[in-house]
Amino acid sequence: PAANSPLAYEADQQRAAESSEELAELVEQLAAARPGRVVVAGYSVGAPIVIGALQQLRNNRTLLSRLDVVLFAPDIGVEDFAKMMQGLPPLAAPVTIFGSHSDRILRLARITFHKPGPQLGAAKSAADLPDVPVTFVDVGNVAHTGNGHFTLVCYPPLIAMFTAMPDRHFAAFAQALESYPSAQVTRNGQATYVQLPAIE
């Protein structure tokens, strides 16, 4: 429910927080309608909605164990993310994050709206990640179009690699990128940080 205006950014964040309960209800309905794992994805301000929905579902361990969570350029503070993830029952896999150390939109939002601390989607190293089960793929060195905020969709080399996969699964894609030539993989407890090299 965004106003799609930079001047409404803070109000959009409040509306996003209020949407978590509805997303949790939708996830429950989807899980009841089909067996197996369920993918829940959030882009930018959608990330807090997803993490808030996990909080709503925290007492449903069986459902959480079926969820694959993917965040694209998450616009959420690292400390806020860590607090919301602490104590959650295990998910089907570590949270998969595609972000960029050169995300200009997240940098602008942090400066303009005086956000304390780093934003999760713009992590620059494993040290920037909290000790929770996440796999962060930094695509900042990959050739792209735009401002670096719409991770994957504006990155032609990654689109080609993803669509070539026989089973197009974001968590599996992130794990495969850990083995990409010249990729730098570092860890901070349960968190894994994958910095991709320059890819044209």
* Shortest non-hydrogen contact from M85 to I51? -> SD-CD1, 4.2 Å
* To do: Could you tell me whether E22 atom CD has more than 12 heavy atoms of other residues or ligands within 6.0 Å of it?
  => yes
* Asked: Between G99 and F136, what is the shortest heavy-atom contact and its length?
  -> CA-CZ, 3.7 Å
* Asked: Do V69 and F170 come close enough that some side-chain heavy atom pair is under 4.5 Å?
  -> no
* Check the pair L57, E28 against side-chain contact (heavy atoms from CB on, under 4.5 Å), reporting the backbone distance first and the verdict last. => CA-CA 9 Å; L57 298 168; E28 288 179 318; 3.6 Å; yes
* **Side chain proximity check, Q184 to Y193, heavy atoms < 4.5 angstrom** => no
* Asked: Does some side-chain heavy atom of S44 sit less than 4.5 Å from a side-chain heavy atom of F72?
  -> no
* Would you say the side-chain atoms of R104 pair up with the backbone N or O of G146, donor to acceptor, closer than 3.5 Å? -> yes
* Structure fact -> Looking only at heavy atoms, the pair that brings V137 and L196 closest together is CG1-CD1, 3.9 Å
* Asked: Out of curiosity, does V39 fall in the hydrophobic cluster containing V27 (side-chain heavy atoms, cut-off under 4.5 Å, transitive links)?
  -> no
* Structure fact -> Minimal heavy-atom distance between I159 and L152, with the atoms involved, is CG1-O, 3.2 Å
* With a 4.5 Å limit on heavy-atom distance, are the side chains of F173 and F98 in contact? -> yes
* Asked: When hydrophobic residues are tied together by side-chain contacts of less than 4.5 Å, even through go-betweens, does V139 share a cluster with L120?
  -> no
* Asked: Would you say the side chain of T163 lies within less than 4.5 Å of the side chain of R168, judging by non-hydrogen atoms?
  -> yes
* Can you get from L23 to L88 by hopping between Ile, Leu, Val, Met, Phe, Trp and Tyr side chains that sit under 4.5 Å apart? -> yes
* To do: Look up atom CG in D75 and atom CD1 in I105, then write down how far apart they are to the nearest 0.5 Å.
  => 10.0 Å
* Asked: Is D138 reaching over with its side chain to a backbone N or O of V194, donor-acceptor style, under 3.5 angstrom?
  -> no
* Mind checking the CD-OG spacing from Q195 to S125? Nearest 0.5 Å is all I need. => 9.0 Å
* Asked: Counting N and O atoms only, with roles assigned by atom type, does the side chain of S100 sit under 3.5 Å from a partner on the main chain of S102, one being a donor and the other an acceptor?
  -> yes
* Decide whether V78 and I49 are clustered together by the hydrophobic rule: side chain heavy atoms of Ile, Leu, Val, Met, Phe, Trp, Tyr closer than 4.5 Å, transitively. => yes
* How many angstroms lie between OG1 in T96 and CG in L177, if you round to the nearest 0.5 Å? -> 10.5 Å
* Donor-acceptor contact present, side-chain D68 to main-chain V38, <3.5 Å -> no
* Asked: Got a second to check how far R66's CZ is from N60's CG, nearest 0.5 Å?
  -> 9.0 Å
* **Shared hydrophobic cluster, V40 / L64 (ILVMFWY, side-chain heavy atoms < 4.5 Å)** => yes
* **Side-chain heavy-atom pair R187, V185 within 4.5 angstrom cut-off** => yes
* Flag side-chain contact, heavy atom, 4.5 Å: P157 against I199 -> yes
* Asked: Under 30°, 30 to 60°, or over 60°: which ring-plane class applies to Y155 and H144, parallel, tilted or perpendicular?
  -> parallel
* S65 versus T62, closest heavy-atom pair with distance -> OG-O, 2.6 Å
* Is the shortest heavy-atom distance from the side chain of T135 to the side chain of V95 under 4.5 Å? -> no
* Asked: Strictly under 6.0 Å, is that where the ring centroids of H149 and Y43 end up?
  -> yes
* Asked: Out of curiosity, Q119 CD to D80 CG, how far, rounded to the nearest 0.5 Å?
  -> 8.0 Å
* To do: Could you tell me which non-hydrogen atom of S20 sits nearest to which non-hydrogen atom of P48, and how far apart they are?
  => OG-O, 3.7 Å
* To do: Please step through side-chain contact (heavy atoms from CB on, under 4.5 Å) for the pair T145 and F150, ending with a clear verdict.
  => CA-CA 9 Å; T145 59; F150 209 166; over 6 Å; no
* Asked: Just by modelled atom types, is the A191 backbone N or O under 3.5 Å from a matching donor or acceptor in the N188 side chain?
  -> no
* About how many Å separate CE of M84 and CG of L54, when rounded to the nearest 0.5 Å? -> 8.0 Å
